[in-house]
Amino acid sequence: MKQAWERYTGKMGKKLRTLHKWNAWLVLALAGSGVVLYAPALRGATAPIRVALKQGHIWLGVASIALLLLYAPFLKKHAKQLRGKTMQASNLAIVLALLIGWSVSGVILWLGRSVPPAWSSGALLAHDLLTWVGVPYAILHSVTRSRWVREGRARATGAEAEELEAERRFERYDGSRRKLLKTGAAALVAAVAGSAVFRWLTSVGDRGGVTAEEVASRAADALPNGQELLSPLPESNPPMGGGAEGTFRIYTVTRIPEFDQATWSFAVNGLVDRPLTWDWPAFAKLARKAQVSDFHCVTGWSVYHATWEGVPLKELLALASVRPEAKYAKFYSGDGVYTDALSLEQADMDDVMVAALIDGKPIPEDLGGPVRLIVPRMYAYKSVKWLQSIELIDRDHIGYWQERGYEVDAWVPGAKRS
Ligand SMILES: Nc1nc2c(c(=O)[nH]1)N[C@H]1C(S)=C(S)[C@@H](COP(=O)(O)O)O[C@H]1N2
Ligand SMILES: [Mo]
C-alpha cells in the first residue's frame with residue numbers, strides 16, 4: 001500500500017512503512033474483535049468463545065500499545081515532514097488521538113476489578129465512543145486511499161520516472177476538488193453502511209441500551225397485561241434512591257421471552273418441604289420490600305442507586321421451607337437457557353431479591369421483567385433475568401457464564417460478603 005510516508009526515503013521511511021502496515025492490521029483485528037464483544041445481538045452465538053475473544057482483544061491491544069511506543073521516537077521528525085500537508089498532518093493527529101484514547105481506556109478496562117467501578121464505566125464509555133468514531137474513520141481512510149493505491153500500483157513498475165509521475169498525480173489528487181467529492185461520497189457510504197450495521201449489531205428485541213429515565217417512560221407499554229397489579233410501595237414512588245443513574249445494556253443469550261400474564265408462573269421447588277407455584281396475580285400479591293442498590297456488569301458498566309422493589313429471596317425460601325440437605329439455590333430463566341446459583345449462605349443476604357419493580361415502575365421485558373433476580377453485591381451475571389423458578393439442590397451448579405469462562409467468584413470488589 002502506498003501511503004504518504006511511503007514516499008519517504010531512508011531508514012525512517014522504511015520503519016514508518018512497517019509500523020503503518022502493522023498498525024493497520026492491528027486496528028482491523030481490534031475493531032473486528034471489539035465489535036463482536038460489544039454487539040448485544042452476538043452475545044448468544046459467541047458465548048462459548050467470549051472469554052477467549054476478550055483475552056485475544058486485550059493482547060492485540062497490548063501489541064498496539066507496543067507499536068505506539070515504537071513510533072514515539074519518530075513522532076517529532078515525522079510531524080516536521082508533514083508540515084504544510086494539512087490533510088496528512090490532521091490524519092496523523094486523529095489517528096494518534098484515537099490510538100492513545102483506546103489504549104488508556106483499554107488499560108483501565110483491563111484492570112477490571114482492581115479499579116473502582118466508576119473508572120471502568122468511564123473507560124468503557126470512552127472506548128465505545130472512540131470506536132464509533134474511529135472505525136468509520138478507518139474505513140474512510142482506507143477507502144479514500146485505495147483509489148490512489150490502485151493508480152499508484154498500475155504505474156509503479158519500479159521505474160523512477162513513473163514513480164515520480166505517480167507522486168505528482170498524488171499531490172494533484174490530494175489537493176483537488178475531486179478528492180473532496182470522493183471523500184464526501186465515501187463518508188456518506190461509510191456512514192449509511194455503518195449505521196445499518198450498528199443497528200443490526202445492537203438490536204436485541206428492538207434496542208441495545210436503555211437509560212434509567214427511559215425505563216420509567218417505557219415501563220407502561222412493557223407489561224401490557226398485569227402491570228396494573230403491581231402498585232408501587234411508597235418507598236419506590238417516588239423512588240427512595242432518587243432515581244437510578246446510568247445505562248443498562250440489554251443482554252440476552254437467546255431472545256427476550258414475552259410476558260403473558262395468563263401463562264406466566266413462578267415456582268420454588270427441589271429440596272423443599274413445601275413446593276410452591278404462583279400465577280401472576282398471586283405473585284403480584286406477595287408482600288414486597290424496596291431497597292436501593294447499585295448494579296455492576298463485569299464488562300465495566302454500572303447503574304447506580306436503583307430502587308428495586310420485590311420479594312426478598314430469603315422470604316421466598318422460608319415460605320417453601322428449605323430442607324437441611326439443600327446447599328444451593330439454582331435459578332432458571334424463562335428464556336430456557338440461562339441459569340445461575342447461589343449457596344444458601346449467599347442466598348440468605350438481605351439484599352438478594354426477586355425484583356418486580358425498578359424506580360416504582362414494573363421492570364420492562366427487556367430488563368428481565370416481570371421478575372428478575374438481583375444480587376447487588378455480586379456482578380450482574382448472577383442477576384438472572386426473566387426468573388421463572390428456583391430449585392433447591394444439594395450441590396453447586398455452575399452458571400451460564402461461569403461455564404463459559406467467567407470467574408466463579410462474582411463478588412464485586414469492596415462489597416460486604418455474607
Ligand atoms: N436470562 C438472562 N439473564 C441475565 C443475562 C442474560 O443474558 N440472560 N445477562 C446477565 C448479565 S451478564 C448482566 S450484566 C445483566 C444485564 O442486565 P440487563 O440486560 O437488564 O441490563 O443480566 C444478567 N442476567
Ligand atoms: Mo454482565
Side-chain angles (χ1 to χ4, degrees), residues 37-48 50-51 54 109 112-113 117 120-121 124 202-216 218-219 222-223 244-259 266 293-304 306 308 310 330-342 352-359 361-390 397-412:
L37 284 170
Y38 171 85
L42 300 178
R43 282 183 82 75
T46 57
R50 285 189 82 78
V51 169
K54 185 169 174 180
L109 284 170
R113 37 217 268 167
S120 302
S121 44
L124 186 66
T202 56
S203 63
V204 171
D206 58 351
R207 48 187 304 123
V210 57
T211 62
E213 298 91 78
E214 283 174 309
V215 170
R218 290 185 315 110
L223 294 180
E245 259 176 277
T247 304
F248 288 97
R249 300 197 170 190
I250 294 166
Y251 287 165
T252 178
V253 291
T254 51
R255 67 210 150 82
I256 294 181
E258 213 164 292
F259 170 57
F266 189 91
S293 56
D294 298 337
F295 189 89
H296 303 292
C297 173
V298 73
T299 62
W301 57 269
S302 296
V303 174
Y304 296 95
W308 298 98
K330 177 177 175 185
F331 306 96
Y332 292 84
S333 168
D335 65 17
V337 174
Y338 202 94
T339 59
D340 212 298
L342 291 174
V352 179
M353 173 180 268
V354 177
L357 296 97
I358 177 170
D359 285 347
K361 310 283 186 209
I363 297 176
E365 251 167 7
D366 44 13
L367 293 189
V371 299
R372 76 176 297 167
L373 191 67
I374 291 297
V375 188
R377 290 181 240 179
M378 295 188 176
Y379 282 114
Y381 57 84
K382 306 297 285 188
S383 295
V384 177
K385 296 166 74 171
W386 311 291
L387 188 62
Q388 188 100 93
S389 66
I390 303 171
H397 162 74
I398 303 299
Y400 182 91
W401 280 121
Q402 287 100 322
E403 180 106 357
R404 289 160 182 80
Y406 275 38
E407 272 184 80
V408 172
D409 171 14
W411 292 102
V412 173

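Read the numbers this way: they start at 1 and go in the same order the structure lists the ligands and their atoms.
- Those atoms of ligand 1 that come under 4.0 Å of a heavy atom in Phe295, given as number and element, are 15 (C), 17 (O).
- On a distance-only criterion, Arg372 and ligand 1 share at least one N/O pair closer than 3.5 Å.
- Distances shorter than 4.0 angstrom occur between a heavy atom of Ser383 and an atom of ligand 1.
- At a heavy-atom distance under 4.0 Å, no atom of Tyr379 approaches ligand 1.
- Checked by atom type and distance alone, the side chain of Trp386 never pairs as donor or acceptor with a backbone atom of Glu258 at under 3.5 Å.
- Ring geometry, Phe295 versus Trp308: the interplanar angle falls from 30° to 60°, so the pair is classed tilted.
- Glu365 places a side-chain N or O within 3.5 Å of a backbone atom of Phe259 that can act as its donor or acceptor partner.
- Where the criterion is an N or O separation shorter than 3.5 Å, residue side chain and backbone included, Lys385 meets it with respect to ligand 1.
- When non-hydrogen atoms are compared, ligand 1 lies under 4.0 Å from the side chain of Trp386 (C-beta onward) but not from its backbone.
- Of all the atoms in ligand 1, the ones that sit under 4.0 Å from a non-hydrogen atom of Ile250 are 19 (O).
- Under a 3.5 Å cut-off, the side chain of Ser383 and the backbone N or O of Val375 do form a donor-acceptor pair.
- Considering only non-hydrogen protein atoms, atom 23 (C) of ligand 1 sits nearest to Ala380 O, 3.1 Å.
- Every atom of ligand 1 is numbered from 1 in the order shown, and the set under 4.0 Å from a heavy atom of Ser333 is 1 (N).
- Heavy-atom proximity to Arg249, at under 4.0 Å, picks out these atoms of ligand 1: 18 (P), 19 (O), 21 (O).
- In this structure, the side chain of Arg50 engages the main chain of Leu37 through a donor-acceptor pair within 3.5 Å.
- Of all heavy-atom pairs spanning Tyr400 and Ala47, the tightest one is OH-CB, 3.1 Å.
- Remark: side-chain polar atoms of Asp294 are not paired, donor with acceptor, to backbone N or O of Ser302 under 3.5 angstrom.
- With a heavy-atom cut-off of 4.0 Å, Thr252 touches ligand 1 through its backbone alone.
- Looking at ligand 1, you won't find any N or O of Asp366 less than 3.5 Å from one of its N or O atoms.
- Shown are Lys385, Arg372, Lys382, Lys330; of these, the salt bridge (charged side-chain N to carboxylate O under 4.0 Å, His left out) with Asp340 is made only by Lys382.
- Under a 4.0 Å criterion applied to the non-hydrogen atoms of Leu367, ligand 1 contributes the atoms 20 (O).
- Shown in contact with Asp335 at under 4.0 Å from a heavy atom are these atoms of ligand 1, numbered in order with element: 1 (N), 2 (C), 8 (N).
- The parts of Tyr381 lying near ligand 1 are both backbone and side chain, judged by heavy-atom distances below 4.0 Å.
- Close contacts of ligand 1 with Tyr251, meaning ligand atoms under 4.0 Å from a residue heavy atom, involve 6 (C), 7 (O), 9 (N), 11 (C), 12 (S), 13 (C), 14 (S), 16 (C), 19 (O).
- Residue contacts with ligand 1 include Trp301, since one of its heavy atoms falls under 4.0 Å from the ligand.
- For ligand 1, the atoms lying closer than 4.0 Å to a non-hydrogen atom of Val253 are 7 (O).
- Looking at Phe331 against ligand 1, nothing comes within 4.0 Å, counting heavy atoms.
- Remark: ligand 1 and Trp401 share no N or O pair separated by less than 3.5 Å (distance only, no angle test).
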